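Computed from a predicted structure; not experimentally measured. Proteins come first, then strands; the chains are lettered A, B, ... in the order of their sequence lines, and each starts at number 1.
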2 protein chains.
Amino acid sequence: MNAAAIRRCLEGSGLRCTPQRYAVMAFLAECNRHPTAAEIFDAVNRMDPRSSRATTYNNLRDLVQAGLVREVAVEGRAARFDAKGMRHHHFICDRCGNVEDVEWYDVPRPASGTLGKRILRECELIFRGLCTKCAPRHAWR
Amino acid sequence: MNAAAIRRCLEGSGLRCTPQRYAVMAFLAECNRHPTAAEIFDAVNRMDPRSSRATTYNNLRDLVQAGLVREVAVEGRAARFDAKGMRHHHFICDRCGNVEDVEWYDVPRPASGTLGKRILRECELIFRGLCTKCAPRHAWR
DNA sequence: TTTCACATTAGAAATATTCTAAGGTCCTCA
DNA sequence: TGAGGACCTTAGAATATTTCTAATGTGAAA
Ligand SMILES: [Mn+2]
Ligand SMILES: [Mn+2]
Ligand SMILES: [Zn+2]
Ligand SMILES: [Zn+2]
């Protein structure tokens, strides 16, 4: 995603393209991992202009609300973020907490009626187990 | 679940049935909501004997490790817990963060090969949207 | 009985996130 | 041009959640 595309997707969501907000979005768009807010804060501050912690969190909140960024909660660990590129599922490692992308496939929705008056926005599928790095260590013990 | 059953399931998992641990498990087993650690701590301390915060967290950790309790991470909110009774999925409200049970149905696993050397333990399906209480407020605005 | 792994405790510490209050930027409309 | 106002950023304080520490207790096995 190039600079113009990032600017477009921010403004298309009604968000001003400030240097700080741009930097968060640009970092997430090029980042293939799932960084925490602290990692994003650090990365952004290696560039100019710098951004405060509050602004980093504010911008992450705004980007998530706008649907441009996804937040992944991991039990007992800081939240992780990714720019919503292609649809995909997530694999979360029981041992190291790493979040990895898994190729997307369609998930069957619940039978009509089971959700009652609730309004369904999305079905999220999360795989859990041991990642490639942690699986071998498991075999030893 | 009666007292004997709780004792059995703790000891069957190699955990001593201490009064504090029993109280956490008993509370979760009878609780149909998804309480936070703080709520569990409060509930347990309304009974005797009392339990410290550290012990409540330690016991929750042990129960999760033993597979008797499930922890649900909710973005931006404290973790929630439930005793794993019947298999079920979860609905998490975007607005109030409430976690609700949804009748279980089978989830298709990823095609063999997509997970590589990873070891898959479970597939978790999470529904997101607005709960029954929050859906109407949404219509107003 | 002694022993030892397992548990508990109060409070401190660490971690993660949000809030506050002050000021900056940039668009709009006279 | 410039006053007004919506939106944004900032440093650091405050809050919320979870884990750690170090001392002490408990109970089953030897
Ligand atoms: Mn991802
Ligand atoms: Mn549940
Ligand atoms: Zn791992
Ligand atoms: Zn709700």
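Atom CG of Asp101(B) is separated from atom CG of Asn32(B) by 8.5 Å, given to the nearest 0.5 angstrom.
When the C1' atom of dT8(C) is taken as reference, atom CG of Asn59(B) falls 9 Å away, rounded to whole Å. One can place CD of Glu39(B) at 11 Å from P of dT18(D), the figure rounded to the nearest angstrom. One can place CG of Asp42(B) at 12 Å from P of dT17(D), the figure rounded to the nearest angstrom. Distance Arg61(B) CZ to dC6(C) C1': 12 Å, rounded to the nearest Å. Between Phe41(A) atom CZ and dT10(D) atom C1' there is a gap of 11 Å when expressed in whole angstrom units. Rounded to an integer number of Å, the gap from Gln65(B) CD to dC6(C) C1' is 14 Å. One atom, CZ of Arg53(A), and another, C1' of dG12(D), lie 8 Å apart when rounded to the nearest Å. One can place CG of Leu60(A) at 10 Å from P of dT17(C), the figure rounded to the nearest angstrom.
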Test side-chain hydrogen bond (donor to acceptor under 3.5 Å, both in side chains) on His34(A) and Asn98(A); report intermediate values, then the result. CA-CA 8 Å; His34(A) 293 82; Asn98(A) 244 17; over 6 Å; no
Using salt bridge (Lys or Arg N to Asp or Glu O under 4.0 Å), reason through Glu71(B) and Arg80(B) one step at a time and then give a plain yes or no. CA-CA 6 Å; Glu71(B) 177 174 354; Arg80(B) 294 166 169 282; over 6 Å; no
Yes or no on side chain to side chain contact (heavy atoms under 4.5 Å, CB included) for His90(A) and Val102(A), after CA distance, side-chain angles and deciding distance? CA-CA 5 Å; His90(A) 281 140; Val102(A) 173; over 6 Å; no
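Using a 3.5 Å distance cut-off with no hydrogens or angles, the side chains of Asp82(A) and His88(A) do pair a donor with an acceptor.
Geometrically, Arg128(A) does not engage Phe91(A) in a cation-pi contact, judged by NZ or CZ lying under 6.0 Å from the ring centre and within 45° of the ring axis.
Residue Asn58(B) has no polar side-chain atom (N or O) positioned under 4.0 Å from OP1 or OP2 of dT9(C). Under 4.0 angstrom from either OP1 or OP2 of dT10(D) there lies at least one side-chain N or O belonging to Ser51(A). One finds no side-chain N or O of Tyr57(B) lying less than 4.0 angstrom from the OP1 or OP2 phosphate oxygen of dT19(D).
Remark: Arg16(B), Thr18(B), Gln20(B), Arg21(B) in residues 6-33 of chain B come within less than 4.0 Å of DNA chain C through at least one heavy atom.
Shortest non-hydrogen contact noted between Phe127(B) and Pro110(A) is CE2-CD, 3.5 Å.
Side chain of Ala54(B), nearest nucleotide from dA13(D), dC20(D), dT9(D): dC20(D). Each of dA12(C), dT17(C), dT10(D) was ranked by its minimum atom distance to the side chain of Ala79(A); first place goes to dT17(C).
Residue contacts for Arg50(B): at a heavy-atom cut-off of 4.0 Å it reaches the sugar-phosphate backbone alone, with no base atom in range.
For the pair Asp62(B) and Gly76(B), both in contact range of DNA chain C, the more 5′-proximal nearest nucleotide belongs to Asp62(B).
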